[in-house]
Amino acid sequence: MIDPTEFRDYVSGRRRGAAADALRFVLRIAEWFYTAAVQWRNRRYDRDSAAQRVDAAVVSVGNLTLGGTGKSPLVQWIARWFHDRGVRVAVVSRGYGAAESGEENDEARELRWLLPDVPHLQNPDRVAAARKAIREFESRVIVLDDGFQHRRIARDFDIVLLDALEPFGFDHVFPRGTLREPVAGLRRADAVVLSRANLITLDQRATIWQTVNRYAPAAIRAEAIHAPRELLGADGREMPLETIRGQRVAVFCGIGNPAGFRHTLESCGCEIAGFREFSDHHRYTPEDVASLVQWSAGLGASAVICTCKDMVKLPPNGFGKLPLWGVRIEMEFLSGREALESRLKMLLNSQVSGKSQK
C-alpha cells in the first residue's frame, strides 16, 4: 500500500518520470467521477435541506482535504471550552479506523485519555450518536468531529481547518489530489481556521486568505499553531519538553499528515535520528513494536517519540530500555480567537436560556 508521503509525492508533481505522469493521468480521470458524485450529493442537500436537527447545539469541525489538519486539538479545545463553563458537551464522530464495530478508534481513546470528563460517541450514523448523547448524557452541545462533509446532521457552527502546508490539496480533488471536495465547498463554512500558520510566511498566508475570501468572504478567520506542551508517558506521567531538547530521538507516527508532526517536533529542539511513517489509524501489531524497538535501538536514540494518538495503541513497556513518550499538542491561536469565542458564547447563551439557534 502506498504511504501518505509517497502519495503526496505523486499528486504534488514532486515524483517525476513517465510512470508518474501516467499514474497522474489515470488519477485525473478518476477525479472527474469522484468530483461529479460529490457535487451531486452537495446539490441534493442544498436543494432539499435534508439535514436533521437534534435538540442541542452542534459545532462541526472538519477539513477540506484528506489527512491531518489538526482537527483533534481544535475539537479538544472546543469541548474543553464548553466543559469549563459548566455545559454538558459530547464529541460525536464516525469512528473511522476502529478494528471492529463498537470498538473505540485511536481518536476516541486519545480524547478519553486527555479529556476523561467528556463523552465521545462513535457511530457512522452520527444523528443517532448525537441523540444518544443528548438522551444518556444530557449533552447540550455536540462537537461533531470531522463533520464538514457529513451533511446529514444540521449544525449551528461550521468550522473548516486548512493546513497551511497543504491548504488546497494540490488543486485537485481526490484521488488526483487531496481535496475531499472542490474548494467552492468553503461557501458553507462559518469559520475557517488556518492551522500550522507559523510554518509559512505572511505573504503565503495572505495568498491562502485571498482564495478563502473568494468563496467565504463572511466567514470568521483565525490562524493557529500546534503548540507542543509536554511529554506524556503511557502511565500518565508528565515530563517537560526540555527533557528532549538537544537529545537524539527516534520518531514514528501513524497519522494523516506526518510532515506536520515532524515540523512540530523539530520546534522542540531535539535531533530526529530517524523518522518512520505508518498509515493513518494504523493498528500496531507485536511485530510492528518489535521492529520499532530494533530500529530505535540501532539509531543511538535516547528516547522514542510518537503522537498521543499513537501512544494509546501501544503497550506501555514495549520499547525495551528506551522511554516512550507521546507529545501532547494544544491549539494556540495567533489571531481570530475572540471572534470564535464570540460565536461559541452565542451558542452557550442559547443553551442556558433554552432557545435554539439558526
Side-chain angles (χ1 to χ4, degrees), residues 38 41-65 69-83 85 87-96 107 111 118-135 137 139-162 180-181 184-193 195 212 215-216 218-222 331 336 339-358:
V38 169
R41 180 176 180 273
N42 279 332
R43 282 195 296 269
R44 181 170 65 86
Y45 275 100
D46 292 339
R47 181 180 63 249
D48 299 337
S49 300
Q52 299 182 42
R53 184 161 291 281
V54 298
D55 190 22
V58 176
V59 179
S60 170
V61 178
N63 296 343
L64 196 64
T65 57
T69 58
K71 289 192 311 297
S72 292
L74 183 56
V75 166
Q76 292 166 25
W77 182 85
I78 294 171
R80 186 179 291 111
W81 191 93
F82 281 108
H83 180 268
R85 287 158 179 77
V87 175
R88 292 181 180 270
V89 58
V91 175
V92 165
S93 65
R94 179 182 182 272
Y96 178 80
E107 289 161 348
L111 186 73
V118 175
H120 188 170
L121 288 78
Q122 297 192 310
N123 188 337
D125 186 343
R126 279 172 269 197
V127 174
R131 288 174 174 160
K132 181 178 180 180
I134 295 166
R135 182 177 64 253
F137 298 101
S139 301
R140 300 308 305 150
V141 174
I142 303 296
V143 182
L144 190 63
D145 186 1
D146 198 14
F148 192 57
Q149 285 78 30
H150 185 81
R151 300 190 61 186
R152 184 166 163 258
I153 184 170
R155 67 283 319 272
D156 299 273
F157 191 25
D158 222 338
I159 305 173
V160 175
L161 274 83
L162 300 178
R180 295 183 175 192
E181 60 177 300
L186 283 174
R187 293 191 181 102
R188 305 194 308 274
D190 297 312
V192 178
V193 178
S195 64
V212 172
Y215 299 105
I220 293 169
R221 291 172 26 169
M331 186 68 77
L340 286 172
E341 288 191 309
S342 178
R343 283 295 300 270
L344 296 181
K345 287 174 183 175
M346 290 174 60
L347 296 178
L348 176 67
N349 292 336
S350 76
Q351 295 310 303
V352 170
S353 65
K355 298 177 181 179
S356 61
Q357 292 286 315
K358 285 193 178 180

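Index from 1, following the sequence.
- Between Phe157 and Leu340 the shortest side-chain heavy-atom distance falls below 4.5 Å.
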Working for salt bridge (Lys or Arg N to Asp or Glu O under 4.0 Å), residues Arg343 and Asp158: CA-CA 11 Å; Arg343 283 295 300 270; Asp158 222 338; over 6 Å; no

side-chain contact (heavy atoms from CB on, under 4.5 Å) between Arg140 and Asp55, worked out: CA-CA 8 Å; Arg140 300 308 305 150; Asp55 190 22; 4.2 Å; yes

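- Residues Leu161 and Met331 have side chains in contact (heavy-atom distance under 4.5 Å, counting atoms from C-beta outward).
- Looking at residues two or more places apart in sequence or on another chain, you find a salt bridge (charged side-chain N to carboxylate O under 4.0 Å, His left out) between Arg188 and Glu181.
- A distance of 11.0 Å separates CG in Leu348 from CD in Glu341, rounded to the nearest 0.5 Å.
- Note: Asp156 CG to Ser350 OG = 7.0 Å, rounded to the nearest 0.5 Å.
- For Arg180, the side-chain hydrogen bond (donor to acceptor under 3.5 Å, both in side chains) test picks out Asp146, Gln149, with sequence neighbours left out.
- Within the 4.5 Å cutoff, the side chain of Ile78 has heavy atoms near those of the Ile159 side chain.
- Listed here is the closest heavy atom pair of Val54 and Val58: CG2-CG2, 3.7 Å.
- When the side chain to side chain contact (heavy atoms under 4.5 Å, CB included) test is applied to Ala128, the partners found at least two apart in sequence or on another chain are Asn123, Asp125.
- Among all heavy-atom pairs drawn from Val59 and Phe82, the shortest one is CG2-CE1, 4.4 Å.
- Residues forming a side-chain hydrogen bond (donor to acceptor under 3.5 Å, both in side chains) with Asp145 (at least two apart in sequence, or on another chain): none.
- Taking each heavy atom of Val118 and Ala79 in turn, the nearest pair found is CG1-CB, 4.2 Å.
- When all heavy atoms are compared, the tightest approach of Ser60 to Phe148 is OG-N, 3.6 Å.
- Judged by distance alone, with hydrogens and angles left aside, the side-chain atoms of Arg221 form no donor-acceptor pair with the main-chain N or O of Val212 at under 3.5 Å.
- Annotation: side chain to side chain contact (heavy atoms under 4.5 Å, CB included) contacts of Ala133 (sequence neighbours excluded): Ala90, Leu121, Ser139, Ile142.
- Distance check, rounded to the nearest 0.5 Å: NE2 of His120 to CD of Gln76 gives 10.0 Å.
- By the 4.5 Å heavy-atom criterion applied to side chains, Arg155 and Ile153 are counted as neighbours.
- Every side-chain hydrogen bond (donor to acceptor under 3.5 Å, both in side chains) that Asp46 has, sequence neighbours left out, goes to Arg151.
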Derivation of the side-chain contact (heavy atoms from CB on, under 4.5 Å) call for Arg152 and Tyr45: CA-CA 8 Å; Arg152 184 166 163 258; Tyr45 275 100; 3.6 Å; yes

